[in-house]
Amino acid sequence: MVTKEIGNNWRPGAVATDLPLTYDRPVDFGLQAFCEECGICAERCPSGAIPRGKNKKIIVRGIRRWQVDADQCYKYWMTTGHACGICQTVCPWNHRNTLFHNIMREAIEKFASFRKIAMVGERLFYKYRPTPGPKWISDAV
Ligand code: SF4
Ligand code: SF4
């Protein structure tokens, strides 16, 4: 799951609540189109569990989406002995909440043509970010 505010930095397993809720509408902040340009998580995934490209979407429970191969991912975790999280580390939506990055988020949402420019910037300035898992993982093992 990816949100505009915190990227893919959370993985809800389940939410149990008795709050009275009403259905709202899907939120479109340009993510699908941006992911089609990006694909960095798929490139960096060491297990090849993340499909890349528009034609790799499949229907899952009525929604057309990219489906991570959870078995493939988990097998990789088992070979390393700990969780991975590289796909979270490298996602451009996870940049810190600075003024600059927030302006970029707004521009990506509002201007389709800006997505390509943002992607060029991402690869130019962050391409060589190291891709081991988050520090809290290495601290924990
Ligand atoms: S956690 Fe690691 S192995 Fe699993 S999908 Fe993400 S990058 Fe791939
Ligand atoms: S790294 Fe983030 S923005 Fe890029 S394709 Fe993956 S989920 Fe989408």
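Residue numbers start at 1 and run along the sequence shown. When a ligand or atom number is given, it counts from 1 through the structure's own listing order.
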Output the list of atoms in ligand 2 that are nearer than 4.0 Å to some heavy atom of [X], sorted by atom number.
X: F34; result: 3 (S)
X: C38; result: 1 (S), 3 (S), 4 (Fe), 5 (S)
X: W93; result: 3 (S)

What protein heavy atom is closest to atom 4 (Fe) of ligand 1, reported as residue, atom name and distance in Å?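 Looking at atom 4 (Fe) of ligand 1, the protein heavy atom closest to it is C73 SG, 2.4 Å.
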Go through ligand 1 atom by atom and flag the ones less than 4.0 Å from a non-hydrogen atom of [X].
X: P46; answer: 7 (S)
X: I50; answer: 5 (S)
X: C45; answer: 3 (S), 5 (S), 7 (S), 8 (Fe)

Before we go on, tell me: are the rings of F100 and H95 under 6.0 Å apart, centre to centre?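 No - the distance between ring centres of F100 and H95 does not fall below the 6.0 Å cut-off.
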Salt-bridge contact E109-R105 (side-chain N to carboxylate O under 4.0 Å):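 Between R105 and E109 there is no salt bridge, as every charged N stays at least 4.0 Å from the carboxylate O atoms.
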Taking 4.0 angstrom as the limit, do E36 and K116 come out as a salt bridge?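 The answer is no: the pair does not qualify as a salt bridge.
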Give a yes/no answer: is there an N/O/S atom of C84 under 2.8 Å from atom 8 (Fe) of ligand 1?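 No, C84 does not qualify, because none of its backbone or side-chain N, O or S atoms lies under 2.8 Å.
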Flag for Q67-K57: side-chain donor and acceptor within less than 3.5 Å: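 No, no side-chain donor-acceptor pair sits under 3.5 Å.
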Given A83, C91, S47, which has its nearest heavy atom closest to atom 3 (S) of ligand 1?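 Considering heavy atoms of A83, C91, S47, the nearest to atom 3 (S) of ligand 1 sits in S47.
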For ligand 1, is there an atom lying under 4.0 Å from some heavy atom of W77?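 W77 counts as a contact of ligand 1 under the 4.0 Å cut-off.
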Checking the side chain of N94 only, and the main-chain atoms of Q88 only, is there a donor and an acceptor separated by less than 3.5 Å?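 Indeed, once roles are kept as given, a pair shorter than 3.5 Å links the two residues.
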Is there an N/O/S atom in C87 at a distance below 2.8 Å from atom 6 (Fe) of ligand 1?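 A backbone or side-chain N, O or S atom of C87 is under 2.8 Å from atom 6 (Fe) of ligand 1.
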